[in-house]
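Some notes on the structure that comes next.
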Amino acid sequence: MFQEYDVIVVGAGHAGSEAAAAAANMGSKTLLITMNMQVIAQMSCNPAMGGIAKGQIVREIDALGGYSGIVSDLSMIQFRMLNRSKGPAMWSPRTQNDRMLFSQKWREMLENTPNLDFYQDMVKALLVKGNKVTGVVSGLGHEIRSKSVVLTNGTFLNGIIHVGEKHFGGGRMGERAATGLTEQLVSLGFDSQRLKTGTPPRVDGRSLDYSKMEEQPGDTEITGFSFLQTPKPHQQRSCWITYTNQKVHDILKTGFDKSPMFTGRIEGTGPRYCPSIEDKINRFSEKERHQLFIEPEGWNTIEIYVNGFSTSLPEEVQYEAIRMIPGFENSKMFRPGYAIEYDYFPPTQLHYSLETKLIDNLFFAGQINGTTGYEEAACQGIIAGINAHQKINSRDPVILRRSDAYIGVLIDDLISKGTKEPYRMFTSRAEFRTLLRQDNADLRLTELGYRLGLASQERMDRVDAKRDAVDEVKRILETMLMDPEEVNPYLEKLNSSQISEKQRAHRLLLRPELELEDLIRMAPELGSKLIGYEKEILEQASIQIKYDIYIEKEKDLVKKMALLEELQIPENFDYKKIVALGNEAREKLNNVKPTTLGQASRISGINPADVQILMVYMGR
């Protein structure tokens with residue numbers, strides 16, 4: 001019934017969908033196995049993509065040739081560029097999406113991907129010969145052979161759903177859990193642990209009073225995620241902001257004795273940066289209110305997502321409390337919030353390629369590695385799909401460094417430090433964030449995607465044209481002389497010091513209070529020279545000029561750190577022999593088995609003195 005595949009991807013969430021698309025587009029005969037083909041790439045929690053640091057990740061996936069950015073653009077109902085008041089390194093795109101349309105577009109794109117087959121069933125076991133995976137066993141007992149396997153099981157591995165004192169098996173509300181795989185992997189030597197996440201109630205939008213809330217419209221200018229020219233919506237749907245209050249908190253507290261989180265029924269650790277509402281009012285008892293974002297689920301639905309009100313308290317407590325929120329006095333609840341607890345495998349058990357250290361040709365991606373969020377899962381998926389193809393074709397793995405992409409930061413954090421709680425990406429995690437901006441993801445990564453056969457010729461042509469156009473604009477600004485008589489009146493209005501002689505435009509642009517639009521207003525001649533250049537090009541040229549000194553500083557730091565990355569540590573290196581190292585350092589180094597001194601330096605608990613000892617020992 002089944003041919004032998006090059007790559008089998010287990011699970012069709014965000015990680016699995018990107019992994020399957022990547023492997024298939026690179027030429028591998030790929031099979032995507034999912035328990036329900038009707039919910040491919042479903043948005044299990046909030047109907048949105050991107051946000052702080054996550055938006056950068058989506059743009060990086062798109063730059064490599066992945067699908068997440070395109071699908072997000074095609075299903076957006078609202079677009080916002082967050083952090084515009086800060087520097088460009090902090091700008092983060094975010095879309096509100098139509099939940100059903102998002103899944104539909106993903107399925108359409110996957111079905112139009114060559115080399116990709118689908119099968120609906122659960123995977124209950126792996127086929128393993130020696131220390132190499134050779135396929136999977138389905139729930140119906142089919143043995144399907146393959147050269148590599150990518151596991152992207154999300155929250156389904158032995159998943160348990162909690163609502164108050166009720167709990168039952170499931171990977172998502174209304175969907176069964178996946179069983180058997182964890183037990184087999186543990187028997188093969190893997191370490192498995194538990195994590196927890198949750199979701200808020202969904203309510204009937206017709207029952208809400210929006211006049212008591214603050215409207216949050218989308219941006220006038222819609223940039224989107226994809227570097228391709230995806231169609232943008234002609235109108236947008238607003239979100240709304242409201243707040244909890246002391247009455248809400250008091251009602252919620254009445255259910256604490258039945259909360260699975262407080263009574264100990266949930267063993268797994270929850271997400272620190274997206275806690276449940278009961279966790280928030282317990283940990284931050286001094287706060288009188290918590291902000292809630294009221295998000296529509298799509299263009300043609302009345303269903304509303306109550307962002308910020310994740311909970312696993314009993315339904316009646318949820319219902320009573322939510323009706324105390326301004327605007328929710330007459331609200332009708334479609335379904336209650338719930339918590340879900342699931343198995344994950346600490347990611348220190350992986351290589352940087354996301355291949356497991358114990359079993360050859362077996363890759364993990366997504367929440368199975370302890371991450372949270374669609375974007376974190378999707379970027380692991382594309383890297384796992386790429387490297388599954390690379391491995392079976394005896395090619396070097398694709399490994400992004402911390403200075404290459406947020407994706408590289410995420411994977412390095414997971415491999416070097418592991419995680420005891422659901423991992424979420426933030427801009428603060430990236431030490432080279434001036435280099436890793438959302439606006440230059442294509443300039444950083446599309447050439448790599450093109451060389452791999454993943455990014456199209458159209459993408460590469462667009463990047464080449466963008467780079468050339470940016471260089472042209474920079475040359476115009478470097479040669480254009482600004483006359484004091486023209487610019488001084490404007491400088492005076494902006495409280496910027498006036499000039500006494502002609503000055504080149506790019507020098508004036510270095511002033512923090514001046515933007516390129518200001519220079520164009522000052523000098524009509526400059527404006528005429530820049531006619532025809534798209535806003536994206538002008539913005540990119542301006543950023544490169546204004547932040548050149550900071551960009552160069554980060555590049556110098558990258559070069560210095562690269563020296564440590566070049567110092568390879570043999571795979572069988574025995575740290576126990578280095579008596580100068582403390583017990584904790586030896587234990588952690590043996591645990592992670594870093595491949596370079598750079599990676600060793602980033603392991604939690606390894607200090608600079610330990611790295612120096614390693615350098616001395618390796619020098620011998």
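- Looking at Lys535 and Glu221, a side-chain N of the basic residue comes within less than 4.0 Å of a carboxylate O on the acidic one, giving a salt bridge.
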_Please determine whether salt bridge (charged side-chain N to carboxylate O under 4.0 Å, His left out) holds for the pair Arg467 and Asp464, giving the CA-CA distance in whole Å, both sets of side-chain angles, and the decisive distance to 0.1 Å._
CA-CA 5 Å; Arg467 188 178 285 115; Asp464 288 338; 3.7 Å; yes

*For the pair Glu565 and Arg602, evaluate salt bridge (charged side-chain N to carboxylate O under 4.0 Å, His left out) and give the outcome as yes or no after the intermediate values.*
CA-CA 11 Å; Glu565 300 298 337; Arg602 293 188 295 275; 2.6 Å; yes

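- The residues Asp442 and Arg459 are annotated as not salt-bridged, no charged nitrogen and carboxylate oxygen being separated by less than 4.0 angstrom.
- For Lys86, the NZ atom is loosely surrounded, since the number of other residues' heavy atoms within 6.0 Å does not exceed 12.
- Using modelled atom types and a 3.5 Å distance limit, the side chains of Lys29 and Asn115 yield no donor-acceptor pair.
- Side-chain atoms of Lys105 and Ser103 include no donor-acceptor pair closer than 3.5 Å.
- Atom CD1 of Ile549 sits in a sparse spot, with 12 or fewer heavy atoms from other residues, nucleotides or ligands closer than 6.0 Å.
- In the displayed structure, Glu472 atom CD is contacted under 6.0 Å by more than 12 heavy atoms of other residues, nucleotides or ligands.
- Atom-to-atom distance recorded for Ile8:CD1 and Asp117:CG is 10.5 Å, nearest 0.5 angstrom.
- For Gln457, the CD atom sits in a packed shell: over 12 heavy atoms of surrounding residues, nucleotides or ligands are nearer than 6.0 Å.
- Between Leu443 and Gln540, the closest side-chain pair of non-hydrogen atoms falls below 4.5 Å.
- The side-chain tip of Arg433 does not point at the ring of Phe426 from less than 6.0 angstrom away and within 45° of straight on.
- Within a 6.0 Å sphere centred on CZ of Arg401, other residues, nucleotides and ligands contribute 12 heavy atoms or fewer.
- A tilted orientation is assigned to the rings of Trp106 and Tyr67, their planes being inclined by 30° to 60°.
- Salt-bridge formation is detected for the pair Arg107/Glu111: a Lys NZ or Arg NE/NH1/NH2 atom is positioned less than 4.0 Å from an Asp or Glu carboxylate oxygen.
- Checked for salt-bridge contact, Glu295 and Arg94 meet the test: a charged N lies under 4.0 Å from a carboxylate O.
- Here Glu539 pairs with Arg84 in a salt bridge; the nearest charged N to carboxylate O distance falls below 4.0 Å.
- Under 3.5 Å, the side chains of Asp396 and Gln390 contain no donor-acceptor pair of N or O atoms.
- Residue Ile383 holds its CD1 atom at 14.5 Å from CD of Glu355, rounded to the nearest 0.5 Å.
- Salt-bridge check for Asp518 with Arg521: passed, with a basic side-chain N closer than 4.0 Å to an acidic carboxylate O.
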*Is there a salt bridge (charged side-chain N to carboxylate O under 4.0 Å, His left out) between Arg504 and Glu478 once you walk through the steps?*
CA-CA 6 Å; Arg504 298 189 188 280; Glu478 286 165 3; over 6 Å; no

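- Aromatic rings of His389 and Phe363 (six-membered ring for Trp) have centroids beyond the 6.0 Å cut-off, not under it.
- Aromatic ring centroids of Tyr342 and Phe156 lie 6.0 Å or more apart.
- Counting only N and O atoms by type, the side chains of Gln367 and Thr155 include no donor and acceptor under 3.5 Å apart.
- Ion pairing of Arg59 with Asp62 is absent here, as no side-chain N (NZ or NE/NH1/NH2) approaches a carboxylate O to less than 4.0 Å.
- A donor atom on one side chain and an acceptor atom on the other are not found under 3.5 Å apart for Thr301 and Glu297.
- The pair Glu431-Arg402 counts as a salt bridge, with a side-chain nitrogen and a carboxylate oxygen less than 4.0 angstrom apart.
- For the pair Cys239/Ile294, no side-chain contact is recorded, criterion being any heavy-atom separation below 4.5 Å from C-beta on.
- Rounding to the nearest 0.5 angstrom, the gap separating the CG atom in Leu414 from the CD atom in Glu376 is 9.5 Å.
- Defined by atom type and a distance below 3.5 Å, a donor-acceptor pair is missing between the side-chain atoms of Ser92 and Gln438.
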